[in-house]
Amino acid sequence: MPVYSMTGYASAQHSPGAAPAGNEGSKPGAAMRLGLEIRSVNSRFLDLSFRLSEELRAHEPALRELIAARVKRGKVEVRAGIEGTGAETVREPSVRMLQRLESVQDTVRTWLPDAAALSVAEILRLASADDGGSVDWDQPLQQLASQALGELVAAREREGARLAQMLLGHLQQLRALAQQARPLIPQLVEQQRQRFLERWKEAMALTEGAATPEAAQDRALTEATAFAIRIDVAEELTRLAAHLDEIERLVNKGGEIGKRLDFLIQELHREANTLGSKSAALELTRISVDMKVLIEQMREQVQNLE
């Protein structure tokens, strides 16, 4: 299965034909055009928002169901509206529409004498809404939404493939850093062993004074415990390698992997931090820092995957 990003954009337009025949005042060649655009960005869950013109608001539930069937995560915004096209972008209201608006205005001002008169812009807007209401936009809107949604999913797939390749590249770099760290472990063990022996000699020297052999033995055990904990970076490298293998498996598998990858990235960051905190050599510290930089870059990429 492909890997999908949560970022994408698509738009589509549809012109059903000439203006409805009942508009005597409509200019020749004028028509209505349906426009729709969908954009999506990353989000923890599926968050749908719609900005539809008045004529299309009744279709929101159908659009919501259509999108939810193909998009599982992300903040998705849908905009759709109807506008006039042709030689004249402003549609001239019919005489019948103007008479109706005048009648409604007179009725309102009979009861509300202080009500403001309709402006030209308001008259044009009301006339345009009436024209749009005479067209059945259900099927054109569904077809347009399906077309735009297909383009959006394709865009998310292309972006997801690019992010997947970047993740796989970062995995190879992390494996290379881990390979650099493994040969350093014997050297670190020897350094810690020398430090332990020095402290052991100090502890044994105390037995000649006030300290008892039991005190020297206790201190030796304490130093040995600290020594064992301090040098145990091989365990972190082993867990890190296991996490890298699992991330690679998920990326190659595809599908809805964003949340699982986010958890694994957190585990990688924890292992890199522990590796740095246990470091007793400058080179191992550098490797730990380089790992954390790569892991942070991976985290930013993973947060954009579905």
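Hydrogens, waters and symmetry mates play no part in the numbers below; they use all other heavy atoms, side chains included.
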In a check of salt bridge (charged side-chain N to carboxylate O under 4.0 Å, His left out) between R57 and each of E60, E55, E54, which one passes?
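Exactly one option meets the salt bridge (charged side-chain N to carboxylate O under 4.0 Å, His left out) with R57, and it is E54.
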Could you check R156, K72, R73, R70 and say which one makes a salt bridge (charged side-chain N to carboxylate O under 4.0 Å, His left out) with E306?
R156
Just wondering, do [Y] and [X] contact through their side chains at under 4.5 Å, heavy atoms?
X    : Y    : result
L268 : L244 : yes
L48  : L63  : no
L34  : L56  : yes
L152 : S40  : yes

[X] atom [atom1], neighbour heavy-atom count above 12 within 6.0 Å:
X    : atom1 : answer
R109 : CZ    : yes
R182 : CZ    : yes
E65  : CD    : no

Can you name the closest pair of heavy atoms from [X] and [Y] and give their distance?
X    : Y    : value
P140 : H14  : CB-CD2, 3.5 Å
S5   : T7   : OG-N, 3.0 Å
A58  : P61  : O-CD, 3.5 Å
S11  : E151 : O-OE1, 3.4 Å
S43  : G74  : CB-C, 3.7 Å
G254 : V3   : CA-CG2, 3.7 Å

Within this structure, what is the [atom1]-[atom2] distance for the pair [X] and [Y], rounded to the nearest 0.5 Å?
X    : Y    : atom1 : atom2 : result
N42  : D47  : CG    : CG    : 11.5 Å
Q180 : L284 : CD    : CG    : 10.5 Å
L275 : L177 : CG    : CG    : 10.0 Å
T274 : E236 : OG1   : CD    : 5.5 Å
R64  : S49  : CZ    : OG    : 8.5 Å
I287 : L174 : CD1   : CG    : 11.5 Å

Using distance only, find each side-chain donor-acceptor pair of residues 257-267 under 3.5 Å and give its atom names and separation, not counting sequence neighbours.
{"from": "E267", "atom 1": "OE1", "to": "R270", "atom 2": "NH1", "distance (Å)": "3.0"}
{"from": "E267", "atom 1": "OE2", "to": "R270", "atom 2": "NH1", "distance (Å)": "2.5"}

Are [Y] and [X] connected in a single hydrophobic cluster, I mean Ile/Leu/Val/Met/Phe/Trp/Tyr linked by side-chain heavy atoms less than 4.5 Å apart?
X    : Y    : answer
I295 : V289 : no
M291 : L168 : yes
L141 : L66  : yes
V293 : I247 : no
L305 : L171 : yes

Passes salt bridge (Lys or Arg N to Asp or Glu O under 4.0 Å), D245 versus R249? Steps please.
CA-CA 6 Å; D245 291 341; R249 186 189 70 82; over 6 Å; no
Residue list, salt bridge (Lys or Arg N to Asp or Glu O under 4.0 Å) with E37, at least two apart or on another chain
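Here the qualifying residues are R39, R79.
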Is the backbone of Q142 close enough, under 3.5 Å, to the side chain of S146 for a donor and an acceptor to pair up by distance?
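Side chain of S146 to backbone of Q142, a donor-acceptor pair under 3.5 Å: yes, one is there.
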Between the side chain of Q173 and the main-chain N/O of L294, is any donor-acceptor distance below 3.5 Å?
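Absent.
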Are Q297 and H170 linked by a side-chain donor-acceptor pair shorter than 3.5 Å?
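The answer is yes; a qualifying pair exists.
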Would you call E296 and K292 a salt bridge, taking side-chain N to carboxylate O under 4.0 Å as the test?
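K292 and E296: not salt-bridged.
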By side-chain hydrogen bond (donor to acceptor under 3.5 Å, both in side chains) - contacts of Q165 (at least two apart):
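Counting only residues at least two positions away or on another chain, Q165 forms no side-chain hydrogen bond (donor to acceptor under 3.5 Å, both in side chains).
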